[in-house]
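What you are looking at is a predicted structure, and each value in this text was computed from that prediction instead of being measured. Lettering of chains follows the sequences in order, A, B, ..., and the numbering in each one begins at 1.
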Protein chains: 2
Amino acid sequence: MKQEKTDNLQPGGVSAPRFDAIDRKISAALVKDAGRSFASLSEEIGLSAAALHERVKRLRANGVIRRTQAALDGAKIGKPLLAYIHVTTAGWGITPGLMKIAQLPEVEEVQTVTGDISVIMKVRVSHSLALQGLLARLYKLKEVRATSSHVVLSTHQERPVQAEITEDLGSEVAVGIIPEV
Amino acid sequence: MKQEKTDNLQPGGVSAPRFDAIDRKISAALVKDAGRSFASLSEEIGLSAAALHERVKRLRANGVIRRTQAALDGAKIGKPLLAYIHVTTAGWGITPGLMKIAQLPEVEEVQTVTGDISVIMKVRVSHSLALQGLLARLYKLKEVRATSSHVVLSTHQERPVQAEITEDLGSEVAVGIIPEV
DNA sequence: GCCTATGCCCGAATAAAATTCGGCAACAGG
DNA sequence: CCTGTTGCCGAATTTTATTCGGGCATAGGC
């Protein structure tokens with residue numbers, strides 16, 4: 001029996017759903033390929049298929065895994081033009097008009113952000129005329145003050161949320177910045 | 001017999017794969033939920049499970065469906081801070097230094113764009129110190145002239161490439177814009 | 001220290017799904 | 001009119017997901 005020491009267990013936290021190293025590993029694997037069979041994954045993780053299945057079920061129930069989806073090729077489905085639209089609005093937040101535009105299948109992201117712009121939209125369209133049409137719809141909204149578009153020339157990385165975390169990202173800057181008490 | 005005629009080949013090596021309305025419908029369904037059984041999907045589409053399976057297999061082979069992946073909740077895996085970093089670089093394009101940073105699991109997108117900035121990066125980190133660490137790594141590269149960060153306050157839409165296309169997006173602007181010949 | 005409740009895991013059985021296969025019909029080209 | 005090709009179907013077949021009963025270890029009450 002190759003029973004691993006269960007040092008992955010966490011002290012009983014009632015509120016926060018636990019998410020240990022194994023869960024992270026499973027999540028990372030499913031982000032890369034959600035179509036893999038539990039059998040082969042369980043081998044890689046070091047769990048039985050049944051235990052793995054239970055964990056995945058719990059990850060879904062907890063909302064860690066929100067869903068599993070197909071990743072399409074934008075160009076091959078007829079939408080080769082990707083762009084970011086920066087929107088400056090009068091007033092605050094997202095209005096019903098903007099939300100309606102956000103529902104268009106061309107619109108992939110709508111985020112309110114800090115900085116000198118209010119909203120960042122990520123849109124993918126069939127051709128430049130469609131981009132213009134999208135901008136026209138934006139300018140029909142009276143809360144839209146200005147827009148600034150950035151057409152994507154080439155994509156060097158584009159992927160969903162990754163499960164892994166680089167541990168030493170913050171620490172390297174911390175030295176000499178945190179004041180002594 | 002499946003013979004490959006050389007005159008079928010197009011520049012790029014791939015003969016034009018067809019992508020009809022049914023394919024689009026299937027793709028749209030799989031983007032929403034790739035875990036659905038072929039049986040239930042075939043009912044909705046109006047095909048047999050076998051025919052549906054064959055189409056999906058072809059969509060994958062053609063690269064229309066690039067992969068199927070799990071969508072994680074950024075906050076629940078310990079990365080609640082989402083931001084866009086606009087990078088202005090000296091010289092052109094993506095350098096090896098930038099490509100290395102693009103491999104970090106915190107970096108979800110790296111795009112070269114038109115406009116007054118060179119690169120747009122989408123990053124998701126655990127806390128602001130990690131964002132600072134990321135910026136520190138960027139500024140270590142001598143090709144990086146300046147950056148401008150936009151922290152996401154709230155996400156109103158965030159989803160992968162959608163299969164649907166709004167047909168009348170371009171047409172509405174076209175009226176009165178395209179000059180008569 | 002002992003006892004029990006709990007969480008996590010396993011192997012095997014079962015249910016469900018994916019995948020394959022042979023054949024039929026529509027269509028285009030010769 | 002024939003013929004090769006394509007897309008589809010229903011039914012087998014194989015693979016996979018899912019359930020089930022139980023074992024082991026830990027934590028906490030007593």
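- Between A:Val113 and A:Val119 the shortest side-chain heavy-atom distance does not fall below 4.5 Å.
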Does A:Arg137 form a side-chain contact (heavy atoms from CB on, under 4.5 Å) with A:Gln132? I'd like the steps, not just the answer. CA-CA 9 Å; A:Arg137 290 212 187 184; A:Gln132 193 183 9; over 6 Å; no
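- Protein atom CZ of B:Phe38 is 6 Å distant from nucleotide atom P of C:dT19, rounded to whole Å.
- When the side-chain nitrogen and oxygen atoms of A:Lys57 are compared with OP1 and OP2 of D:dA17, none of them lie within a distance under 4.0 Å.
- Going from atom CG of B:Leu52 over to atom C1' of C:dA18 covers 11 Å, rounded to whole Å.
- B:Glu158 and A:Arg66 make their closest contact through O-NH2, 4.4 Å (heavy atoms, listed as atom of the first residue, atom of the second, distance).
- Here A:Ser37 lies in heavy-atom contact (under 4.0 Å) with sugar-phosphate atoms only.
- To the nearest angstrom, C1' of C:dA16 lies 16 Å from CZ of B:Arg36.
- Within 6.0 Å of CZ in A:Arg36 there are more than 12 heavy atoms belonging to other residues, nucleotides or ligands.
- The interatomic distance linking A:Leu30 (CG) with D:dA17 (P) rounds to 11 Å, in whole Å.
- Atom-to-atom, CZ of B:Arg58 to C1' of D:dT6 comes out at 10 Å; the value is rounded to the nearest Å.
- When the local axes at the two ends of the helix from C:dG1-D:dC30 to C:dG30-D:dC1 are compared, using 5 base pairs at each end, they differ in direction by 30° after rounding to 10°.
- Residue B:His53 has a polar side-chain atom (N or O) positioned under 4.0 Å from OP1 or OP2 of C:dT19.
- Separation of atoms OG (B:Ser27) and CD1 (B:Ile22) is listed at 11.5 Å; rounding is to 0.5 Å.
- We find that CZ of B:Arg18 is positioned 14 Å from P of C:dA28, with the value rounded to whole Å.
- B:Leu59 has its CG atom 12 Å from the P atom of D:dG7, to the nearest Å.
- Here D:dT6 presents its P atom at 15 Å from CG of B:Asp23, a figure rounded to the nearest Å.
- Comparing D:dC8, C:dC10, D:dA11 by their nearest atom to the side chain of B:Leu47 picks out D:dC8.
- Between atom NE2 of residue A:His86 and atom NE2 of residue B:His150 there is a gap of 6.5 Å, rounded to the nearest 0.5 Å.
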**Report entry** Intermediate values then yes/no, side-chain contact (heavy atoms from CB on, under 4.5 Å), B:Leu138 and B:Ile101
**Finding:** CA-CA 8 Å; B:Leu138 279 175; B:Ile101 292 180; 3.7 Å; yes
